[in-house]
There are 2 protein chains.
Amino acid sequence: MKIDIREIARQAGVSTATVSRVMNGKGSVSDNTRQRVLAVVKQNNYKLNSIARGLSRQKTDTIGVVLPELVDEFFMDLVHSIDEAAYAANKFVMISSSHSQRNTIETVMEFMNGGRIDGVILMAPEIMDEELLRLITRSNRPLVMLNAPGHIKDCYSLNIDNHQGAVAAVTHLLGHGYEKIAMIKGPAGNTDADERFAGYQDVLEKSDIPFRDDLIVNGDFTLQAGYYGLLRLISQPVKPDAVFAANDMMALGVYQAALASQIRIPEDLAVVGFDDIFLSRLLTPRLTTVHSPVPEMGSKAVKALLGIISGEVSAEQPYRELLSTGLVIGGSCGCKMPNSSLLL
Amino acid sequence: MKIDIREIARQAGVSTATVSRVMNGKGSVSDNTRQRVLAVVKQNNYKLNSIARGLSRQKTDTIGVVLPELVDEFFMDLVHSIDEAAYAANKFVMISSSHSQRNTIETVMEFMNGGRIDGVILMAPEIMDEELLRLITRSNRPLVMLNAPGHIKDCYSLNIDNHQGAVAAVTHLLGHGYEKIAMIKGPAGNTDADERFAGYQDVLEKSDIPFRDDLIVNGDFTLQAGYYGLLRLISQPVKPDAVFAANDMMALGVYQAALASQIRIPEDLAVVGFDDIFLSRLLTPRLTTVHSPVPEMGSKAVKALLGIISGEVSAEQPYRELLSTGLVIGGSCGCKMPNSSLLL
DNA sequence: ACAGGAAATGTAAACGTTTACATTTTTTGC
DNA sequence: GCAAAAAATGTAAACGTTTACATTTCCTGT
């Protein structure tokens, strides 16, 4: 037999309202009654139906998360921290990656308007203009953007401070005395990639070092891009003495290419990455890289979203926070490292 | 103004039933009417409310996924493949990791009984007995278990063939002529760990090689466990000439410890892992390991679950499928490898 | 022009909760 | 012992869909 709140009420000899009060622990109900209801509940192994509950309360205790991908440590860490924070707050997490650009919007829209979730955490570093944002925002559901492009103004966003990180990285390389610092960029149009590149350019400019086009190669954040990127760089007349890879995965590709080309790191070529993925610690020498505060971003996003949902945080004021990065020194930049196992 | 199906119906001058028919594309409605409704829908940017829909249809188009953890490539790959398959089938995914043992059950129960989801994919290699399973199953919601312990009979389960994989690995080592093959085990009570160990034992037995207790060390699938595991092994009178680590992460620890102890792989010590994580390809020499068909497991799980939900697959018959593994040969077992970059 | 069937549409009862409001019961202060 | 306040409980109307069933409209063939 199907058992619902009415059935429990009947068996306990009370009204559904009372059962509801007992189940939710709010509203007053006598101890006696509570026990009686609880007994029946246990007896029947009864659980509230969340869907009905959601309909009635207009609240689902679920947050939607839309990410551009679901591969890589980066996203795993993000998902992990979101899950942790959501769990701590007793919320459920509905996850979806953008299977295509078109799909991102659709998914977000479905989330926003379908009533399935109370709010959305959205990361879409590539496809975003005010137009789209307005479309998405129209639903008026709480939204927290992750790494939103700089020109996206009208929303609550949490961003890794790519510029700061890149500046730190390149400045550090300059400090070592390198003069021909190449950069392997991330995909064009990607916010993170663009900001990191901007940081690189700014440092050079500030230091009166001429920007050289032939020291820049385009990449797409993959290992392969780093590999072929370095090959490309060293096949040119002017060879770099240092490389700033826009992420660690590409830095790893650089390591591989260096190995294949008998280029020693850091003696012949210094390398710095970005992200501080687990892998970067395993390289020999350990990769000098910029730490991205991914877990922090995840948990802050959840907290902010829940704040907006509960009304504690205003959703009126656009808000943009930069999460600061930090340079993790390995041996790849030329710094002397104690050569102990860094793993443990 | 809040717009619901009634409002659309009003504006289009039809009944809610007709709007519903248009939105769902089933039931007959004249072309004329359809256009009119669609126009109003577009005009108002209307979307069906999934919660209400779920309540009415007793179906949410959402599947729940409960995993023991949310770290590691392994789980990322799993989540990724589940997401892909779910997306392809137009389903949503609600994800949760087991923040604690107690929590696993609670989460699953909430999923099962809360009406939030249509079915659950559950991976809980540690905590499972028939008792719990019955508790979980009582709700009668479709369930697919991943890597369920062998003694769990009464359910639909998909399992990585740990035994086969371990047998292949150890057999391969024997083929190289190693005689003192050590094993670093996974956590006690973990199905995968136990099955891999059983495979190891069975090969030795079949080959009439005496099982030596001092060649076995306990681990917990972490890098550290592998590191200290090897240190422990080589500190004993009888030193192994090969090590079978129950997963790649521990094999990586073995590499680290070997490096620190100036033990050459494979010259002084052969190493074989299990899982075939991305990292294993980056080691020098590349790790010989057992490939776990993780993406296959994810997509099969979704397919099976949806099958059970739709009634195409019987949930009456218990079902257990072993997904076969394969040995990936690297240089760590002693096989001669062309020393090209294996990365690209 | 009309019977009869098909197609289109409408009506209203679920689906399983929550909650404002109304009512009843208990407690409190005197 | 009683009025008034407080606590406990109940009633019934949402919440926004879907869908069986009923009704109306449109064809079709004669």
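Chain A is the first sequence line, chain B the second, and so forth, proteins listed ahead of strands; every chain is numbered from 1.
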5′-ward residue of the pair A/Lys2/A/Thr18 relative to DNA chain C: A/Lys2
Side chains of A/Asn159 and A/Asn147, donor plus acceptor under 3.5 Å: no
Student check: side-chain heavy atoms of B/Arg6 and B/Ile8 closer than 4.5 Å: no
With B/Lys300 via salt bridge (charged side-chain N to carboxylate O under 4.0 Å, His left out) - residues at least two apart: B/Glu296, B/Glu321
Contact residues, residues 25-45 of chain A to DNA chain C [heavy atom, < 4.0 Å]: none
Ring pair (Phe, Tyr, Trp, His ring centres under 6.0 Å) partners of residues 85-115 of chain A, not counting sequence neighbours, each pair once: A/Tyr87-B/His99, A/Phe92-B/Phe111, A/His99-B/Tyr87, A/Phe111-B/Phe92
Side-chain H-bond candidate by donor/acceptor type, A/Arg116 with B/Thr62, under 3.5 Å: yes
Heavy-atom contact window of chain B on DNA chain C, given 5' to 3' at under 4.0 Å: C/dA7 to C/dG16
Five-pair end axes of the helix from C/dA1-D/dT30 to C/dC30-D/dG1 and the angle they enclose, rounded to 10°: 20°
Side chains of A/Asn103 and A/Ser98, donor plus acceptor under 3.5 Å: no
Cationic N near anionic O, under 4.0 Å, A/Lys47 to B/Glu110: no
Carboxylate-amine/guanidinium contact B/Asp61 B/Lys59, below 4.0 Å: yes
Near-strand residues of residues 47-63 of chain A, defined as heavy-atom separation under 4.0 angstrom from DNA chain C: A/Lys47, A/Leu48, A/Asn49, A/Ala52, A/Arg53, A/Ser56, A/Arg57
Distance-only donor-acceptor check, side chains B/Asn44 and B/Gln11, under 3.5 Å: yes
No-hydrogen, no-angle side-chain donor-acceptor test under 3.5 Å, A/Thr60 and A/Arg53: no
Reference residue A/Val144; test side chain to side chain contact (heavy atoms under 4.5 Å, CB included); the match among A/Val65, A/Val313, A/Leu305: A/Leu305
Any donor-acceptor pair under 3.5 Å from B/Ser310 side chain to B/Leu306 backbone: yes
